[in-house]
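Below, read A as the first sequence line, B as the second, and so on, with proteins coming before strands; counting in each chain starts at 1.
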Amino acid sequence: MDDVSPGDVSPLLDDLNPAQREAVSAPQGNMLVLAGAGSGKTRVLVHRIAWLMQVERLSPYAILAVTFTNKAAREMRTRLEALLGLSLRNIWVGTFHSIAHRLLRTHWQDARLPQHFQIIDSDDQLRLVKRLLKDHGIDDERYPPRQVQYFISGCKEEGLRPHQVQTHGDAYLGQMVELYERYQLTCERGGLVDFGELLLRSLELLRDNPRLLAHYRERFAHLLVDEFQDTNTLQYAWLKLLAGEQAGVTVVGDDDQSIYGWRGARVENIRRFEQEFKNTHTVRLEQNYRSTSAILDAANALISHNAGRMGKELWTAGVKGEPISVYAGFNDLDEARFIVDTIREKVDEGFHRREIAILYRSNAQSRVLEETLIRQGMPYRIYGGQRFYERLEIKNALAYLRLLLNRDDDASLERVINVPARGIGTRTVEILRERARSQGVSLWQALHDSVGDGTCKGRAGNALSAFANLIERLDNDTAGLRLHEIITHVNEISGLIDHHRNEKGEKGQARVENLEELVNAARAFTQGETPLMQEAGEGAAALEPFLAEAALNAGDHEADEFEDCVQLMTLHSAKGLEFPVVFIAGVEEGLFPHKMSMEEPGRLEEERRLCYVGVTRAMHKLYLTYAELRRLHGKETFQRASRFLRELPEELLEEVRLRGQISRPVTAARSSRGLAQQESVTAGDGLPTLSLGQRVSHPLFGEGVILNAEGQGERARVQVSFEGEGDKWLVLGFAKLTPL
DNA sequence: ACCACGGCAATTTTT
DNA sequence: TTGCCGTGGT
């Protein structure tokens, strides 16, 4: 083909705004795209790739695009294919982990891994750690398994192997490092690779194999990374190593939406990128296509309270829109009732339920909301929650499957050696563990040795032999079967199905259904929509990729998407989504910002970013609600409005109350039981005894002094001078005033 | 092997 | 308040 000038591919740039165009058509080289919420980030990424292919003449083979979630990777691929109108087999689009996995699978020998290494998830990892602690008789009070796990993952994320960790003679740290070392040894022996290991191992693979590194550097002319603000130290190092001096790198991110610092994400990678990658071109996408300007103004004002930002101000060519509604419930039930009532109104106005989302800071908040939704017969769906492949029954089934592939997988063996119960008690398992440890062999080997030399005989010995025979039998039986048939067989013969069928309650039923669903998933898997399946056949060869898929892609809980449901989720899981109508519930000090994050300025800023993320999810209408009295950990707690509310410009806010109803008069004595039960109270009984000069507190305006008063009962009005807010007249029946 | 009880803590979550 | 964990009883 002849040279293509930009004019010939203008369709690619046609529907883009100037900033997007700049980002898409920038010459190859390093680029940082600061993409605000709703600014068409994915669009730019996808168009950029198309541009690189069509104008810069890069082969899809030379492009690597990295995301954080499988969902994002899928979406990117789909949209790219739609844009180009062709199917792209040999372009690498995937998560950090799936790409690392791919490298390790291809170069398992160079990576010093067994060919059939298995991926373990954090749940398996935790089990492994617990076992380790027990084996070594280490006090799990001083070394809580979670902390140990956190330590190990943390080290890996920083790229540190045990011998590289500086203990400075600290005994506690020393113990941690030793545990890390033991843990790693166990993984090596069982051919197990955890999530952090995938990344670290592939980094080492490239670092220690100059020829491999040269190969991939030559191959990938351009690397693209999405959600760059979420990268951790290891991912940054990985990217830098792979890019080398030659490749062009495009990273897209938003420092204002960095909400995963607590799990190792380093926002500062954005600045580091600008400094360490040569001649970085920075583009800001600030035009927003999602929200009304009222919502964007609120978001801008809120986030301006953070220091050290890269700087970005969202704007829209669209309408001002409705003000942001703030509702102060007198308790959490009242808050929930307000939300559900309002949703009903919105639905009557013509919104679909699925267009409405309720966001909250912590999962515990969902309960009251759910109860209210159920009571009012409003269909809803909770986003998040337990994933399919993380369910107990599924993990058990997968453990059997893993044993078929690899008898030395101790974690799996231990998981199912006595599930369903077959008379192998903790004592027996302990003996096996002891032996495995002292002789440095796997549990499977220890089992055989113990039965062989009579260490375990009688009842226990028989049970152990029976288990070993079961595994061998399953292996033999399933030879030549297709993947889903293998799983059906294993579910049946292992006794898992019966085990759950006999479980009392509806739980067992659900578990049996899940096991059946696993078979369906396997069938779908072999029918090959998943990338991992390309080469594998339908039978046992598909087992390994299927297990990897299960660990890496823990199952999207996006079922029932067709049902028209109100969407409930945490603010974290809302990132990346948008809804016409958004409620943010529990906007209270201590809850949001969460009390665990209020002390350190850095963490508080992350809370604020989380709020920013929440606000920018809303397209047309945003509601912020809070409760003055909330049941927390079984105790009624007085709550104050969140500081974030006060950081929003007042002229964008509108205080709402239920039509014509007084939700609560200002009562001096609040009997918690009474309040929780009463839906509405007529003002008059139990108004606070307020007097001129008295100090009062208002949830939104803070503290002030009563200057003046007029009227009586619920209509009574008082003039209050608030610190920093000026004088205001407030109706006693409406304003939530608390005497101090 | 299984269940019932008491003590205890209690963000956020992807891979 | 819930839910997890370890303990002790059957």
Practice task
Let me know the distance between CZ of R74(A) and C1' of dT15(B), rounded to the nearest Å.
Solution key: 13 Å

Problem - Separation of atom CG in D123(A) from atom C1' in dT13(B), rounded to whole Å - result: 14 Å

Practice task
Would you tell me if any nitrogen or oxygen in the side chain of S122(A) comes within less than 4.0 Å of OP1 or OP2 on dT13(B)?
Solution key: no

Problem - N-O pairing of R161(A) and E197(A) below 4.0 Å - result: yes

Exercise for the section: Could you tell me whether E158(A) and R266(A) make a salt bridge, using a distance below 4.0 angstrom between a side-chain N and a carboxylate O? Expected result: yes

Exercise for the section: Flag the pair R263(A) and E157(A) as a salt bridge only when some basic side-chain nitrogen lies within less than 4.0 angstrom of an acidic carboxylate oxygen. Expected result: no

Handout entry: Charged N-O contact under 4.0 Å between R609(A) and E606(A)
Key = yes

Problem - Distance flag, aromatic centroids of Y143(A) and H136(A), threshold under 6.0 Å - result: no

Problem - dC5(C) and dT12(B), which share atom name P, separated by this distance in whole Å - result: 16 Å

Handout entry: Contacts of type ring pair (Phe, Tyr, Trp, His ring centres under 6.0 Å), residue Y360(A), not counting sequence neighbours
Key = none

Please list each protein N or O that sits under 3.5 Å from an N or O in nucleotides 1-6 of chain C, with the distance.
| residue | atom | partner | partner atom | Å |
| --- | --- | --- | --- | --- |
| dT1(C) | O3' | R367(A) | NH2 | 3.4 |
| dT1(C) | N3 | H633(A) | O | 3.4 |
| dT1(C) | O4 | H633(A) | O | 3.3 |

Problem - Face-to-face contact W262(A) to dT12(B) six-ring, under 5.5 Å, under 30° - result: yes

Practice task
Would you check if there is a donor-acceptor pair between the side chains of Q149(A) and Q147(A) at a distance under 3.5 Å?
Solution key: no

Handout entry: Close approaches to DNA chain B from residues 91-99 of chain A, in residue order (heavy atom, under 4.0 Å)
Key = T95(A), H97(A)

Exercise for the section: State whether N70(A) places a side-chain N or O below 4.0 Å from either non-bridging phosphate oxygen (OP1 or OP2) of dT14(B). Expected result: no

Problem - Presence of salt bridge, D254(A) and K41(A), under 4.0 angstrom - result: no

